[in-house]
Number of protein chains: 2
Amino acid sequence: MARGAYHHGDLRQAMIDAAEAVLAEKGVAGFTLRECARRAGVSPAAPAHHFGNITGLLTAVATLGFDGLADAMDHAAEAATEAGGNRLRAIGEAYVATALERPGRFRVVFGQRGLNADDAEFKRAAARAFGILVRETQSELPQAEVEQDLFSRLPPSFAGDPDLPEILFTWSVTHGFTTLLLDGQLDFLAGPGGRVALQKLHSEKLVALLLTALRTREPVR
Amino acid sequence: MARGAYHHGDLRQAMIDAAEAVLAEKGVAGFTLRECARRAGVSPAAPAHHFGNITGLLTAVATLGFDGLADAMDHAAEAATEAGGNRLRAIGEAYVATALERPGRFRVVFGQRGLNADDAEFKRAAARAFGILVRETQSELPQAEVEQDLFSRLPPSFAGDPDLPEILFTWSVTHGFTTLLLDGQLDFLAGPGGRVALQKLHSEKLVALLLTALRTREPVR
DNA sequence: GCTGTTATCTTGACGTCGTCAAGATATATT
DNA sequence: AATATATCTTGACGACGTCAAGATAACAGC
């Protein structure tokens, strides 16, 4: 018998599914715990045993969001290697695509509704996603003699790392574009189906600019 | 007698001040209309006449947010020219600094609480801020023969513009870093006073990478 | 300066929200 | 079979956004 299969069957999973659906439909602003419970067919107080409160539910969704990003990036990088493509471009595209595919998750991960940042699973997923970004950014840097064990000493104290600027640069470009696109800030630039067109612009042009910056590595004043 | 000075004096401004204070203290998640009304010393229904509903109030704050960004960028660019500095670096620094100074405004502008995107003032402020970014990014591009009237045909239909990738690249880097910093995603990288240190990293390193990419303008595969 | 009009704010109420305490019910354990 | 534990319901509480109706203050026309 499956764990958690009592009255409902698997309320924990049902609540997460409902939460993702509500988030995708109504966004973070329109998200309510009661509606998720309603969709799962239980009373409003039922989820408390599984998640504590609404923050716990959102943290669970955010954990899935980080793991989804990490899975997509890992898979994309591997596929790029097999196809002879660039790995960093692949993970950038995967980042944007994953956010567009499951906007509910992404909005929770980087949204303003409170999360439980102390949650162990959440921290693990976040560190994993960031680790992939670190690894792929470093492998794109011109200096070949980069210490390979840098990833392994994550997460404690990344500050002072010589590659930190480039890592944050990569994340900023990718995350910034994704956020602007997903939040509709770029909608005025494009007509119908505009987000897909902008997504194409990202993978064809913005990633090229990113790679240029990383490979040049010359101080500019 | 000042416009809007009836019973309260100037409820519209008082509500906006209260909203910014609440946003700065409790973030977007903890924001309520009733608390703002309480701080302004009026009943919960009073603001309706000035803003319609809570979305109207947030839209007013967001308008201030865009105008604040535009003011800061404009001022920084002018100061940079006088001091012999780089204008695009200056507006990037101003973007980050403004967000850190008034996180409440920034969180509303780019947050998940609903805004009224049709509001005329809001659209004007948004177009103004974006226009500055467009202008300064273009002036950094190597091709000197850029059509100078490009800014003036904002906002309708920016799509298809040859410089759009670079413009979005600049915005993505700047906005992405600001968002990650303000939302605490980078807190694990730095100790106490870490945000200021990361802010310094941005202006010293990330902007340099951005300028490198813009000035090179070579397709990278 | 008085009166009517308009703008502003209060009052009271409605439905919904998150959460809690207490009780009911089904599974697990012994 | 009896007990313990996990799960869910019920009922309630205060707080929320918003609305309709009424009160109050400022303005406008004469």
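Proteins come first, then strands; the chains are lettered A, B, ... in the order of their sequence lines, and each starts at number 1.
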In whole angstroms, the gap separating P of dT9(D) from NE2 of H49(A) amounts to 11 Å
Expressed as a whole number of angstroms, how long is the span from D10(A):CG to dT7(D):C1'? 13 Å
Under-4.0 Å salt bridge between K123(B) and D118(B): no
Using whole Å, report how far CZ of R12(B) lies from C1' of dA7(C). 15 Å
Which is more 5' along DNA chain D, the nucleotide nearest A46(A) or the one nearest I54(B)? Just name the residue. A46(A)
Write down the distance between CZ (F51(A)) and C1' (dT7(D)), rounded to a whole number of angstrom. 14 Å
If I take atom CG in residue N53(B) and atom P in nucleotide dC16(D), what distance separates them, rounded to the nearest angstrom? 17 Å
Between T81(A) and R87(A), do the side chains contain a donor N or O and an acceptor N or O under 3.5 Å apart? yes
Check this one for me: any side-chain N or O of H50(B) less than 4.0 Å away from OP1 or OP2 of dA7(C)? no
Give the residues of residues 31-45 of chain A touching DNA chain C, defined as any heavy atom closer than 4.0 Å, sorted by residue number. T32(A), L33(A), R34(A), R38(A), P44(A), A45(A)
Positive for side chain to side chain contact (heavy atoms under 4.5 Å, CB included) with L64(B), one of R105(B), E121(B), R102(B): R105(B)
Before accepting this row, confirm whether a basic side-chain N of the pair R135(A)/D74(A) lies closer than 4.0 Å to the acidic partner's carboxylate O. yes
Do the ring planes of F106(B) and Y95(B) sit parallel (below 30°), tilted (30 to 60°) or perpendicular (above 60°)? perpendicular
Rounded to the nearest Å, what distance is computed from the CE atom of residue M15(B) to the P atom of nucleotide dT8(C)? 14 Å
Rounded to the nearest 0.5 Å, what separates atom NZ in K26(A) from atom OG1 in T32(A)? 7.0 Å
